[in-house]
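All remarks here apply to the structure that follows.
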Amino acid sequence: MSKIDVLVTGGTGNVGSQALKSLLSNKGLKVRALVRNPAKAQWIADLGGELVEGDLDDAAAVSRAMVGVKTLALITPSSAHAAALAGKVIVIAKQAGVEKIVRLSAIKAAEDGPTDNTRQHGITERAIRESGMRYVFLRPSYFMQNLLGSMGSIVGEGKLYAGMGDGAVALIDTRDVGDALAAAVLTDKFDGSALELSGPRSIGHSEIATAIGKTLGRNVTYVAVPPEAAGEAVRAFGLDDWTVQIIIDYSRAYAKGFGDFVTDAVASLTGQTPRDIETFAREVISPAVKSMAPAQQVA
Ligand SMILES: NC(=O)c1ccc[n+]([C@@H]2O[C@H](COP(=O)([O-])OP(=O)(O)OC[C@H]3O[C@@H](n4cnc5c(N)ncnc54)[C@H](OP(=O)(O)O)[C@@H]3O)[C@@H](O)[C@H]2O)c1
């Protein structure tokens with residue numbers, strides 16, 4: 001049976017979709033994706049990837065997806081159960097003979113970190129280390145794509161609300177994270193490393209708001225709110241208690257400089273300078289605004 005070079009989980013998400021596009025641009029590479037909804041993932045098959053339908057929580061489906069796989073690119077959604085879910089997948093990968101795991105982790109993952117997401121990623125990293133499989137841990141900073149959740153206030157009021165005070169963060173475009181993940185699959189050079197992935201500059205939310213405003217040709221100002229208010233704002237969008245607490249805890253940490261550092265890890269992996277906030281505003285925010293219904297665009 002021919003080997004599958006890489007199995008990607010979470011391939012329809014922010015990072016996974018870019019990682020798959022990058023991997024599938026390599027002619028001859030055998031790429032498989034475990035997806036919950038094949039209709040949503042048809043583009044992966046169109047690019048030459050193989051789809052296996054199933055949920056990460058379904059051991060039989062995960063076992064099916066793991067057959068013949070050399071490298072697992074393991075992306076799991078953020079949740080209160082992420083470490084438990086990832087732990088089961090790691091056991092199945094080991095049993096199936098997977099040789100290497102490239103794990104999408106999170107900034108400063110550690111079992112004693114300041115947020116439960118940080119801690120859960122720390123637990124998962126330990127499980128991978130203890131499995132004996134080769135590994136690369138990619139620990140990205142705050143995603144620029146998180147800003148898409150603020151489109152309503154940016155467009156409707158010219159305001160960017162956040163709970164991080166004046167804390168600077170080297171936020172990163174998920175397209176760079178996806179490219180870095182693909183690169184870590186394709187080379188052995190970084191095996192055994194935990195790499196903190198940052199964007200090119202560490203900046204505060206005032207500068208982020210200014211960059212977005214310049215691109216949109218209007219004034220956008222940053223409004224600092226207490227971390228608790230930032231958490232409650234996402235509750236209004238229907239997110240659960242765990243996520244609300246994560247937003248509060250990350251906001252507090254970032255306000256104190258948790259993300260205020262720049263690394264050259266993306267360039268080392270991909271050979272490309274990571275995208276800056278101006279590029280993100282031009283290539284992602286601006287088209288998103290144009291696709292909004294006119295009624296949402298009145299200032
Ligand atoms: N947001 C940040 O600032 C940040 C920063 C650093 C690290 N991270 C980490 O990044 C990871 C999330 O990456 P992302 O933003 O690319 O993900 P995402 O856009 O939220 O997408 C989640 C992916 O996981 C899939 N998925 C969800 N539940 C599943 C299940 N039960 N079985 C199978 N597939 C499932 C989704 O599939 P469907 O399409 O079927 O829903 C989707 O492909 C998390 O581990 C998070 O901690 C986030």
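Both ligands and their constituent atoms are indexed starting at 1 by order of listing.
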Distance to 0.1 Å, residue and atom name: give those for the protein heavy atom nearest to [atom].
| atom | value |
| --- | --- |
| atom 41 (O) of ligand 1 | Arg36 NH2, 2.8 Å |
| atom 32 (N) of ligand 1 | Leu56 N, 2.8 Å |
| atom 43 (O) of ligand 1 | Thr12 OG1, 2.7 Å |
| atom 17 (O) of ligand 1 | Asn14 N, 4.3 Å |
| atom 8 (N) of ligand 1 | Phe143 CZ, 3.5 Å |
| atom 6 (C) of ligand 1 | Pro140 O, 3.3 Å |
| atom 23 (C) of ligand 1 | Gly10 CA, 3.6 Å |
| atom 13 (O) of ligand 1 | Leu104 CD2, 3.6 Å |

Assess, by modelled atom type and distance only, whether the side chains of [X] and [Y] contain a donor and an acceptor separated by less than 3.5 Å.
| X | Y | value |
| --- | --- | --- |
| Ser105 | Glu125 | yes |
| Asp260 | Ser202 | yes |
| Thr115 | Thr118 | yes |

Take every heavy atom of [X], measure it against each atom of ligand 1, and state whether any distance is under 4.0 Å.
| X | result |
| --- | --- |
| Ser141 | yes |
| Ser105 | yes |
| Thr76 | yes |
| Asp55 | yes |

Contacting atoms of ligand 1, where contact means under 4.0 angstrom from a heavy atom of [X]:
| X | answer |
| --- | --- |
| Lys40 | 38 (P), 39 (O), 41 (O) |
| Asn146 | 1 (N), 2 (C), 3 (O) |
| His121 | 45 (O), 46 (C), 47 (O) |
| Val15 | 16 (O) |
| Asn117 | 47 (O) |
| Tyr142 | 3 (O) |

Parallel, tilted or perpendicular: which fits the ring planes of Phe258 and Tyr250, with parallel below 30° and perpendicular above 60°?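 Correct class here is tilted.
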Donor-acceptor pair, side chain of Thr9 and main chain of Ile75, under 3.5 angstrom: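 Answer holds: yes.
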With side chain to side chain contact (heavy atoms under 4.5 Å, CB included) as the test, pick out the partner of Arg103 among Val136, Thr76, Leu138.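 Of Val136, Thr76, Leu138, side chain to side chain contact (heavy atoms under 4.5 Å, CB included) with Arg103 is met by Thr76 alone.
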Restricting to pairs with a member in residues 58-76, which pass salt bridge (charged side-chain N to carboxylate O under 4.0 Å, His left out), not counting sequence neighbours?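 Only Asp5-Lys70 qualify under salt bridge (charged side-chain N to carboxylate O under 4.0 Å, His left out).
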Do NZ/NE/NH1/NH2 and the carboxylate oxygens of Arg201 and Glu207 come within less than 4.0 Å?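 Salt bridge present between Arg201 and Glu207.
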Nearest-0.5 Å distance that lies between atom CZ in Arg175 and atom CD in Gln145: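 Spacing of CZ (Arg175) from CD (Gln145) equals 6.5 Å.
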Spatial distance of atom CG (Leu29) from atom OG (Ser25) [nearest 0.5 Å]: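 These two atoms lie 9.0 Å from each other.
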Assigning hydrophobic clusters by single linkage (Ile, Leu, Val, Met, Phe, Trp, Tyr; side-chain heavy-atom cutoff under 4.5 Å), is Leu34 placed with Leu20?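 As far as the 4.5 Å side-chain criterion goes, Leu20 and Leu34 are not connected within one cluster.
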Below 3.5 Å, N or O to N or O, backbone or side chain included: is there any such pair between Gly54 and ligand 1?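 No, since none of the N or O atoms of Gly54 sits under 3.5 Å from an N or O of ligand 1.
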If we only count N/O pairs under 3.5 Å, is Gly13 in contact with ligand 1?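 Yes, there is a polar N/O contact under 3.5 Å.
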Answer yes or no: does atom CG of Asp191 have more than 12 heavy-atom neighbours from other residues, nucleotides or ligands under 6.0 Å?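 Enclosed.
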Heavy-atom side-chain contact between Ile172 and Ser198 under 4.5 Å: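 Not in contact.
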Atom 20 (O) of ligand 1: protein heavy atom closer than 4.0 Å?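 It does not: no protein heavy atom is found less than 4.0 Å away from atom 20 (O) of ligand 1.
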